[in-house]
Structure formats: structure tokens, C-alpha cells
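This report refers to the structure that appears directly beneath it.
Computed from heavy atoms alone, side chains included, the values below leave out hydrogens, waters and symmetry copies. Bear in mind the structure is a predicted one, so any value in this text is a computation, not a measurement. Order of listing sets the numbers, starting from 1, for every ligand and every atom in it.
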Amino acid sequence: MQRQSTSAPPREEGRPRAAVVRDLQIPEFITVAHLAELVSVSPIDLMKQLMRAGIMASINQAIDYKTAAAIVPGYGYRPLPAVEAARSARVEEKAEDPSLLQERPPVVTVLGHVDHGKTTLLDAIRKTQVAEREAGGITQHIGAYQTEYEGHRITFLDTPGHEAFTAMRARGANATDIAILVVAADDGVMPQTIEAINHVKAANVPIVVALNKVDKPEADVERIKRQLTEHGLLVEEWGGDVVAVPVSAKARTGIEDLLENILVVAEVAELKANPNRPARGVVVEAKLDKSRGPVATVLVKNGTLNVGDHIVVGNVRGRVKALVNDAGRRLKSAPPSTPVEILGLNDLPQAGDILEAVANEREARALVESRLQQQGAVRRHVSLEDVVNRIRTGESKELNVILKADVQGSVEAVREALGRLATDKAQVRIVHAASGAITESDVFLAVASEALILGFNTTIEPSARRVADAEGLEVRFYNVIYTMVEEIQDLLEGMVKPVARDVVEGHAVVRVVISRSRQAKVAGCQVSDGRITRGAMIRVLRKGQVLYDGPIQSLRRFQEDVREVGTGLECGIVLAKFDDFQEEDVLEAHRQEQPQTAGR
Ligand code: GDP
């Protein structure tokens, strides 16, 4: 593993520093061979320079952005910060000769609050199509399907919900061109509707609203439009640019109107691809089939995928044995925006993996190799320092923030306080704000939109903590608005101060509350995970809300004071200034880990 940073650019011996400085876009990871090609030197030369900087890297090994950026000025290049996979894919599409590009069908994802009718709508759209289709094909579930309306194709991803949408995006795979936001007209804008809106906005994907369940007498379309306005979606009839179509997924009315509007939005977006190049796509779903082996549903994003093509999907290699579409038909080739099942992989890829068609097996092996090495290399995460650096250099004017707080009142208060913060260089942009604990979906959104997560009087779900740690994502907790505001102001001014990290040590569930006359009540608990130590701070959580946060006064087992209680054991806890316990409250033991002053 190579060192993460090299402070000085390489000394070039016998090589005059180039007079012209050109910009060079360097991805997050790059192999030595590839970087050498970009700066037009021999890989050996580059390896020597790296060695001088204290980095031993072989020709096919990947180095990270920081390392590459320190080296390239020596060759007369100004490094430009990491272009993430998704962006580079888009750049790649854009960079294609415009004369080779052809229109491609839009790829649509359906999002919205639970029970608002996403699944029913996807079904209704699919069935409209089945009725029209010539007999013979048996529709099968492959994770995506294509429908046709007035001679135009539309591709629908079959996994509704913003979690899947954002998880893919966090992995660098932007599959969706248009989002349908389903809002039940009898129910209105709900928490997950707002979450979906924010996720889609962060992805910069156009939204078409389906005002569903208009068959119900309680349906009130105008009320929903008003609610949508409050969340930044102004419908066309009120002077905005959001199309809202009344539908009934159940009675199958308004579906054609919806499809027509999707086509209009698609036309505005000018979705194009070059069908005459090797395929590039993204895995929508993958499963191991008993008789057919590993089967992956892939959405072809650019180029055409053919039977017989050598492919690399994530870290998996193979040769396309068969292509099967959503109607169960075998295809010889799949042009852009086509969802197809592919057979012939040597292992199971993951949803969100990128597929690339390559010339031959040798190339496939090399690509898998380099992808594996990239994963082995030190991953360059979007650290707070990078974000702040970008603000400092003027490259970015916004500090993206995801805000979670205990109750809606705090959300509003914090949102307002942060909204007022600005310097002449930058301001805070709230990507998403809601009440409740920090979830996995918040973390994926943060990764995808390079945002900082702020928790105010709230906590983080264990699964979300795991993802955040794995992604090296910054999550900060506060319980005083003033402190939060001060720290964020510092960030905007380009100052990153290391902050104490909040480390959760364990949880205990209150089983029984023991009252003692004129003394604080004791929480009789069982440690559910981790451990509780005498010196820890305790957060009292009730239904995900933080009621109190403070030190332990006493920690006992069988009347004995103890220093620590491990998982599965029972104990009595008394807190210094809180005793209003209820059964099923969760006591979260945590500790502030002071930042290390030397390095990171
Ligand atoms: P999802 O959770 O968003 O996927 O919602 P579902 O598609 O599972 O729908 C939830 C419930 O609403 C089901 O009982 C559907 O039958 C019902 N539903 C969906 N669309 C409509 C509609 O247009 N009208 C009425 N009356 N009910 C609907």
C-alpha cells in the first residue's frame, strides 16, 4: 500500500520543467501505465518519479488522486481534482462525436411514499403494454422493462424507491434519466415523498409527478400541488416547470397521459447515445439461477451489447452467451437503454456494477485486474478537507449538508440558522433535512452528493454508521445550535478544525424502572450490544429521539459498583441529571475521541 500523500512535486533531473501548463483531469484512481500515457512519458520514467517521492508502484498498480496530482506538475500539467466514475461516464458520453449520437429511450425510476402506489403504477404501465404486444412473449421479471408509446420506447426500472436509486448513484452508476414521483392524492406529501424529492434533486434528474389514486373520492389534486410547491416543485399550470399528471394506477386511467409527458421531458433532455461502439452498462439486478448460473440484468447505457461479446461486469468476467429481454425473447443485440438479462458470466456481479464490453479475453482479464487493484488501493474518500479545499480554491461555492434532527421544530430552527450562514466564497446548501435518526439512505445520499451529515439531538442507525465508516464519511453530532453554527461557519471560511469524534460503545435496553424514595430512579437494563463503561456518556433514546445526554452517576451489577458491563448482561444505571426512564428506552453509551494532532 502506498503512502497517501506526497508533499513535494517530483524533482525532475535532466528533464526541463515544461513551460506550458496544461490542465489534466485525473480520476480518483489511475494505473501507473494510464497516467504515463496521459502525461506522455514512459511508465518506467513515471515509476522512477514515484519512487523518488517514496512510492513503490508497479506498472499496473493504481495510485490515488493525491499521489498522481503531486507528480504531474513535474510534467507540466495542472491536476484537476477527481472526476468521479459517474461524472466521467457522462463526460465520456458527451465527448463522443455528436454526429455519431442517436436518440435513445429514457430510463425512468418510480419513487414516492410507501403505499402511494408505485408498484401498482409500474404494473399498470407494464400491462398496458402486454395487451398491445403481439402474442408469444411471456413477460418475466428481470428488474426492468421496456414499454412503447406512440412508437417511442421507454425503459422502466422495476425497483421503486429512492434507496435503490441513491445507492446506485453512490456507487457511481447513474442509471435514471427521469424520476416519476408518485403522490397519493388522498394522502398528500409525506416524509418519504420529501426524501425522494431531495434525493432526485440532488441527482439533478427531472421529475414528473404522478398524482395517484384520483379515483378515490377524497383525492384532492389541488392540495397536493400546493404541498409540492412548499418543497420546491412548482407545477406547470402555476407557472413552474414540473409536469403533474392525475392518474389512477388501479383503474388504469391517465397512464397514457403520463407516458406522453415522460416522452416530452425526455425530448427536452435530448437523451443520446452512440449505438455503434462497445457497450457500457449498469447492473440492475443479479441472481444465481440453478439451471442457468449467474444471471444479471443489465441496462445498456451506451453502445450495443451483442451475443458473443467479451465483457467485464464489476470484478466479474465473461462472454455473453445469451441476451434475454423482459418479454422472455432472446435477442442478438441490445442497443442503448435496453434492459437485458445476460448469461455467460463466471460469477455473480452486484447491482450497481458497471459493465464494459472489451475486445477480447486478454483485455477482460486486464480490466478485472485493474479494477481489483483499484479497490485494493487506498480509497480516496470525499473527506471534509477535500470539500473545504474546493471552497477555498473557489472551485465549489456550496457546502452540501444533510440535516437530521430529533423533531420537525428543530429541523426548521437549524435549517434557518444554517441558511443564514454565508461568506463571500460559499454558502450552505441543504440537500435534505428531516426529523429522525440518520439512516443508511442518508449516508448514500451524502456519498452521492458529497455532503456532510449533521445530526442535531439525534442518533445514527447502526447500519448507517457501518456504511459511513466504510465510506469515510463525516458525520457530526450536536445538541447546541450555537456550536453547530460556529463550526459550519468555520468550514465555510475554509477552516477545517479537527473535531472530537463521537464513538458509540454500546447500547442497553431499559427492562425495568426502579424507583427509590427521594433518590433518582434506576434503569434496570440489559446490554444489547457493545459495552457500557462507567466513564461513558449516555444518550437516552426513545423512538429514535434523544431525550437526554449526560454522564453516568452509577453503574452496578448486583449492588456492586462495576467499571464495565458487556453484551448480554444486566445492570443498573443511574444518570446524573435524568431519571425519567421508561421501559424499552435505549441507553446509548458513547465517548468523545479526541482528534489526533499529528496527521490524520
Ligand atoms: P407502493 O408501496 O407505493 O408500491 O404502493 P402499492 O402499489 O403497493 O399500493 C398500495 C395500495 O394502494 C394497494 O392496496 C393498491 O391497491 C392501492 N392503490 C394503488 N394505486 C391506487 C389507485 O390509483 N387507486 C386506488 N383506489 N388504490 C390504489
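Here the heavy atom of the protein found nearest to atom 6 (P) of ligand 1 is Thr120 OG1, 3.5 Å. Among all non-hydrogen protein atoms, the one lying nearest atom 12 (O) of ligand 1 is Lys213 NZ, 3.0 Å. At the shortest separation from atom 20 (N) of ligand 1 among protein heavy atoms lies Asn212 ND2, 3.2 Å. Given atom 26 (N) of ligand 1, the protein heavy atom at minimum distance is Asp215 OD2, 2.9 Å. Closest protein heavy atom to atom 4 (O) of ligand 1: Thr119 OG1, 2.5 Å. The protein heavy-atom contact nearest to atom 27 (N) of ligand 1 is Lys250 CD, 3.5 Å.
Near Lys216, the atoms of ligand 1 lying under 4.0 angstrom from a non-hydrogen atom of the residue are 26 (N). Per-residue contacts place His113 under 4.0 angstrom from the following atoms of ligand 1 (heavy atoms of the residue considered): 3 (O). Interface of Asp115 with ligand 1, defined as ligand atoms under 4.0 Å from a residue heavy atom, comprises 1 (P), 2 (O), 3 (O), 5 (O), 10 (C), 12 (O).
Remark: atom 22 (C) of ligand 1 lies closer than 4.0 Å to at least one protein heavy atom. The protein reaches atom 1 (P) of ligand 1 closely, with a heavy atom under 4.0 angstrom from it.
With respect to Asp442 and Lys404, a salt bridge is recorded, a charged nitrogen being found less than 4.0 Å from a carboxylate O. A salt bridge links Asp158 to Arg126: at least one charged side-chain nitrogen sits closer than 4.0 Å to a carboxylate oxygen. Between Arg104 and Glu270, none of the side-chain N atoms (NZ, or NE/NH1/NH2) sits under 4.0 Å from a carboxylate O, so this pair counts as no salt bridge. Using a 4.0 Å cut-off between charged nitrogen and carboxylate oxygen, Arg280 and Glu356 count as a salt-bridge pair. With respect to Arg226 and Glu222, no salt bridge is recorded, no charged nitrogen being found less than 4.0 Å from a carboxylate O. Using a cut-off of 4.0 Å between Lys/Arg side-chain N and Asp/Glu carboxylate O, Glu237 and Lys225 are scored as salt-bridged. A salt bridge is absent between Arg539 and Asp585: the closest approach of a Lys/Arg side-chain nitrogen to an acidic carboxylate oxygen does not fall below 4.0 angstrom.
Distance check, rounded to the nearest 0.5 Å: CD of Glu440 to CD1 of Ile460 gives 10.0 Å.
Contact of the Leu343 side chain with the Val295 side chain is registered, since non-hydrogen atoms from C-beta on lie closer than 4.5 Å.
Distances from atom 5 (O) of ligand 1 to the heavy atoms of Gly254, Gly117, Gly112 put Gly117 nearest.
Polar contact with ligand 1: present for Ala249 (N/O pair, distance under 3.5 Å).
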